[in-house]
Amino acid sequence: MTTTATTNPATTSTFGVMIRAGVIAAVAASAATMAVAAAGHAAGVSLDMGGAPIPVAGFGVLTAAFSLLGVVIAALLFRFARRPQRTFVRTTVVLTVLSLVPDVIAPAGAATKVLLMLTHLVAAAIVIPAVARRLAA
């Protein structure tokens with residue numbers, strides 16, 4: 001008699017698959033935040049903060065940088081956490097909420113603050129699930 005172990009590829013994977021999914025999600029999130037910023041700007045929302053304009057490409061660059069930092073966190077949790085998926089989701093949700101604080105206190109108009117917060121939430125909505133699916137529950 002033989003037994004077969006089955007795994008759910010949607011929730012667990014190898015380290016390389018998790019990293020690849022994270023990088024792809026970071027690229028997608030960068031494109032999405034630039035699109036949101038461009039759409040907001042086209043709708044008349046100022047991208048000025050403290051008198052200096054934020055370039056649309058800046059949204060993508062910062063999104064990529066912080067998303068890749070999230071992938072590094074996921075890689076560490078993949079290796080060292082007992083429940084990497086759960087720990088990753090909790091950690092990144094807390095970090096996402098904390099990322100909204102500078103937007104709230106930023107020297108910018110209300111519409112600009114809302115747009116900035118929206119870009120954070122869009123990026124998190126793309127990256128967190130994409131990476132979490134690749135971590136063991």
Side-chain angles (χ1 to χ4, degrees):
M1 177 172 181
T2 61
T3 59
T4 305
T6 60
T7 60
N8 182 352
T11 58
T12 61
S13 66
T14 65
F15 184 77
V17 170
M18 186 272 302
I19 295 295
R20 185 171 51 250
V23 170
I24 291 168
V27 170
S30 293
T33 58
M34 287 190 301
V36 168
H41 187 61
V45 176
S46 171
L47 296 182
D48 290 356
M49 185 175 310
I54 304 169
V56 171
F59 285 86
V61 170
L62 287 176
T63 299
F66 285 103
S67 296
L68 293 174
L69 179 59
V71 174
V72 170
I73 291 169
L76 292 170
L77 294 173
F78 185 96
R79 173 69 178 97
F80 297 110
R82 190 174 71 199
R83 293 185 179 146
Q85 184 182 69
R86 179 178 173 186
T87 306
F88 176 77
V89 170
R90 287 182 176 185
T91 301
T92 53
V93 167
V94 168
L95 290 173
T96 300
V97 170
L98 290 174
S99 78
L100 301 177
V101 173
D103 296 338
V104 171
I105 62 174
T112 302
K113 291 179 182 187
V114 170
L115 181 65
L116 292 171
M117 289 187 282
L118 179 61
T119 61
H120 290 214
L121 297 175
V122 165
I126 293 169
V127 176
I128 294 171
V131 174
R133 276 193 298 265
R134 304 300 191 261
L135 295 169

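FYI, the numbering just counts along the sequence from 1.
When hydrophobic clusters are built by joining Ile, Leu, Val, Met, Phe, Trp and Tyr residues whose side-chain heavy atoms come closer than 4.5 Å, directly or via intermediates, M117 is not grouped with V45. If you chain together hydrophobic residues whose side chains sit under 4.5 Å apart, I24 and V131 never meet in one group.
In this structure T112 satisfies the side-chain hydrogen bond (donor to acceptor under 3.5 Å, both in side chains) test with no other residue, sequence neighbours excluded. Every residue two or more places apart in sequence or in another chain that forms a side-chain contact (heavy atoms from CB on, under 4.5 Å) with L121 is listed here: T96, L100.
Heavy-atom minimum distance, S99 versus H120: OG-ND1, 2.8 Å. Shortest non-hydrogen contact noted between A81 and P84 is O-CD, 3.6 Å. Across V127 and S67, no two heavy atoms sit closer than the pair CG2-OG, 3.5 Å. Looking at every heavy atom in both residues, M34 comes nearest to G60 through CG-N, 3.4 Å.
The closest side-chain heavy-atom distance from D48 to I54 is not below 4.5 Å. With contacts defined as side-chain heavy-atom distances shorter than 4.5 Å, the pair K113/I105 does not qualify.
Distance CZ/R82 to OG1/T87: 8.5 Å, rounded to 0.5 Å.
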L116 vs M49, test: side-chain contact (heavy atoms from CB on, under 4.5 Å). Steps then yes/no. CA-CA 10 Å; L116 292 171; M49 185 175 310; 3.0 Å; yes
Pair F59-L47, side-chain contact (heavy atoms from CB on, under 4.5 Å): steps then yes or no: CA-CA 10 Å; F59 285 86; L47 296 182; 4.1 Å; yes
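In the hydrophobic clustering, L76 connects to V72, F80, either directly or through intervening members, whenever side-chain heavy atoms lie under 4.5 Å apart.
If you check the side chains of T33 and T119, you find no donor sitting under 3.5 Å from an acceptor.
Side-chain N or O atoms of Q85 include none that pairs as donor or acceptor with a backbone N or O of A136 at under 3.5 Å.
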